[in-house]
Number of protein chains: 2
Amino acid sequence: MKHITIKDVAKKLNCSVSTISRAFNDKYDIRKETREHILATAKEMGYSPNPIAKSLLKQCSNQIGVVIPEFINAFFPEVIIGIQEVLIKKGYQVLIMQSNESHITELENVKTLENNMVDGMIISLSLGTKNVDYYKYLISRGFPLVLFNRVSNELETSKVLFDDYKWAFFATEHLIYQGYVKIVHFSGPSGLVISQNRKNGFLDALRKHKIPFDESSIIETGFMISDGEREMEKLINENNLPEAILAVNDPTAIGAMKTLKKHGYKVPYDVALVGFTETKLAELIDPPLTSVAQPTHEIGKTAARLLLEQIESNGIFVPQTVILNGRLNIRESSMKLK
Amino acid sequence: MKHITIKDVAKKLNCSVSTISRAFNDKYDIRKETREHILATAKEMGYSPNPIAKSLLKQCSNQIGVVIPEFINAFFPEVIIGIQEVLIKKGYQVLIMQSNESHITELENVKTLENNMVDGMIISLSLGTKNVDYYKYLISRGFPLVLFNRVSNELETSKVLFDDYKWAFFATEHLIYQGYVKIVHFSGPSGLVISQNRKNGFLDALRKHKIPFDESSIIETGFMISDGEREMEKLINENNLPEAILAVNDPTAIGAMKTLKKHGYKVPYDVALVGFTETKLAELIDPPLTSVAQPTHEIGKTAARLLLEQIESNGIFVPQTVILNGRLNIRESSMKLK
DNA sequence: ATGGTTTTCGGAAACGTTTCCGGAGAATAA
DNA sequence: TTATTCTCCGGAAACGTTTCCGAAAACCAT
């Protein structure tokens, strides 16, 4: 039950605690033999320095906080793997918390992490987050912060993004080249920058190719399979099927596909589908889903590296925005088959 | 940059730090008005007690550590959601670490969490973990520990399990009732108890129905899609296709399905498939995969509850093993179609 | 031998809390 | 009135570290 502390080691070795500390921290003012002797007996006793005490003193914890909206879709876990890959090598621990798309939970999480003296945070904002004042406050104090995926233009901090506009544009052009005309976009929640960018890419592609559209061409939805199901169900009930759908992400595309199948429609014969955010499901589902692949691991790694840069630079730091590249994986769900 | 501490509040209010502490900890020996006044100004100043200092003093942190082997398959994230659901309500934070199936990383994670004074841990052992001495040591010191899914029989601590034997038995019987005779089991790594139990369930079902089998009926593999692909590829090359396969989990079943499709075989016409651990993919894939559903959320919640019981009981605690029930979701991949 | 520098170590303060102990004053009882 | 209890609060120690300051001892140069 009782932990072995630096004092126990000092007592056993008949020396002061400061000497033990010096041995463990590779200070210059300690004799080499003394250090080795101390390290040996400490190891034998099973002593290791208490990080909590260290945090209290140093006012930092060698911990990084990560706050994500959810854990259910594969996207965020994959990003986290990338984050950990970089940070653990650097001796940081990664604390993960989920906000469940709630602004309140998100804020609580951030404050908890702050109280725990994390040295920085990597955050993807929740759906509910409109007010970013607390982040502004953190940034103004110089707190290291990196945003990814769900960001806010109001915040001047490092960001890792994906060129949503470009790839939504390409994906839409792909559908147009296939010969589809009546194309609908399942857009994400309108408050999010990624939703807006994807929507604009979609609309500009239609404009470029002079494809007519109106307000019914955009259907705002969420990010879950159930959201895709619900909207698809509505379209079927209204007997208003489009020829093709660009979905804001894979889960909504998959939801749409499930519902279409349930009602006896064939993908892509009756409705063609394109997803976004390339999850593993895309190539496993039937028919395989055309999707824009995001480099999830790379997003995580980049976010971690940007955070480290900011932590290691002492104050003099200019926020960077890194925009990563993707790929359109064309599969059966969007092919025009004659 | 500077945090507001209890001393700042004390100075502002012209009182001692102990009074502030009393106000925040709802002690009896403080006047009601004093407490309210303190709380008000503290809130106004943006003060909140530093959990690190509290941890150091109290020798506990209100944090729970979770160590899982991997983050890639959906199983563990789903369990974690269940864990958090219970613990966060109780005011605990959940620290998640992944061992990447490495015994060394796992041990490092456990020691890191221990140093961070977590009040307990919920662990699923990695594939590489043969030596459980450190866990024995923790248990002998009375450290609260709950294992789930990947457990060790050597450890006397609370466990949350699934009746792998029973459900592997049922799943195999299902295949037998469909009329399949030449049935193969893709078993998990032989070192794991879950692998053994599922294998035994499989074999006993064959025995009960007097289905002949030999050593080629069991093919040992891993837990990933790629493992299923590899073993299926081998079977195809050997021109030695079984009529049906019971896979140790969904990813290996899906890997097998992918490879079968790639080579032009039809599921279930050429080979029938049954998975295990029911991931979301099972019902989305084509053909939909018959699979044993595990109550992942419930596993997490139960593990959290058992841990809380042990933490709240002061020493006098008898480890419990909870075995949760599942369900066989029969879908197209295992049907005998005439 | 003497003065100065370097090496090596011990003592003590500090980080932000909680809690025990004791004391001042008020309230109660005799 | 005096003695006793109760209420409320301040002081100080403690948790396990790191680091600054200073001191003893050893070294070097003159």
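Letters go in sequence order (proteins before strands), and every chain restarts at 1.
Side-chain proximity of Lys7(A) to the nucleotides dC15(D), dT18(D), dG10(C) is greatest for dC15(D). Here the nucleotide nearest the side chain of Lys54(B), chosen from dT18(C), dT8(C), dG10(C), is dT18(C). Considering only side-chain atoms of Ser16(A), the nucleotide from dG16(D), dC9(D), dG11(C) that sits closest is dG11(C). With distances taken from any side-chain atom of Ser18(A) to the nucleotides dG10(D), dT18(C), dG10(C), the minimum falls on dG10(C).
Residue Asn50(A) is classed as a sugar-phosphate contact, given heavy-atom separations below 4.0 Å to backbone atoms only. Note on Thr34(B): only backbone sugar-phosphate atoms sit closer than 4.0 angstrom, heavy atoms only; bases stay farther off. Ile30(A) comes within 4.0 angstrom of the backbone, heavy atoms only, and of no base.
Residue order along DNA chain D, read from the 5' end via each residue's closest nucleotide, puts Cys15(B) first among Ala53(B) and Cys15(B). Across the interface with DNA chain D, nearest-nucleotide mapping of Asp29(A) and Phe24(A) shows Phe24(A) to be the residue nearer the 5′ end. Between Arg22(A) and Ile6(B), the residue anchored nearer the 5' end of DNA chain C, judged by the nucleotide with its closest heavy atom, is Arg22(A).
No donor-acceptor pair closer than 3.5 Å links the side chain of Thr19(A) to the backbone N or O of Cys15(A). Within the 3.5 Å criterion, the main-chain N or O of Gln84(A) finds no donor-acceptor partner in the side chain of Lys301(A).
Separating the CD1 atom of Ile4(B) from the P atom of dT17(C) is a distance of 11 Å, rounded to the nearest angstrom. Atom CZ of Arg31(B) is separated from atom C1' of dA24(C) by 14 Å (rounded to the nearest Å). Atom P of nucleotide dT17(D) and atom CD of Gln59(B) are separated by 10 Å, given to the nearest angstrom. One can place NZ of Lys58(B) at 9 Å from C1' of dT17(C), the figure rounded to the nearest angstrom. Between the P atom of dT18(D) and the CD1 atom of Ile52(A) lies a distance of 14 Å, rounded to the nearest Å. Whole-Å rounding puts the Ile38(A) CD1 to dT8(C) P distance at 13 Å. Atoms CG (Leu13(B)) and C1' (dC9(D)) sit 14 Å apart, rounded to a whole Å. Whole-Å rounding puts the Lys11(A) NZ to dG16(D) P distance at 11 Å.
Across all non-hydrogen atoms, the minimal contact from Ile4(A) to Tyr47(A) is O-CD1, 3.3 Å.
Under the 3.5 Å distance criterion, with hydrogens and angles disregarded, a donor-acceptor pair is assigned to the side chains of Ser126(A) and Glu106(A).
In this structure, Phe76(A) and Phe148(A) have perpendicular ring planes: the angle between them is above 60°, well past the 30° mark.
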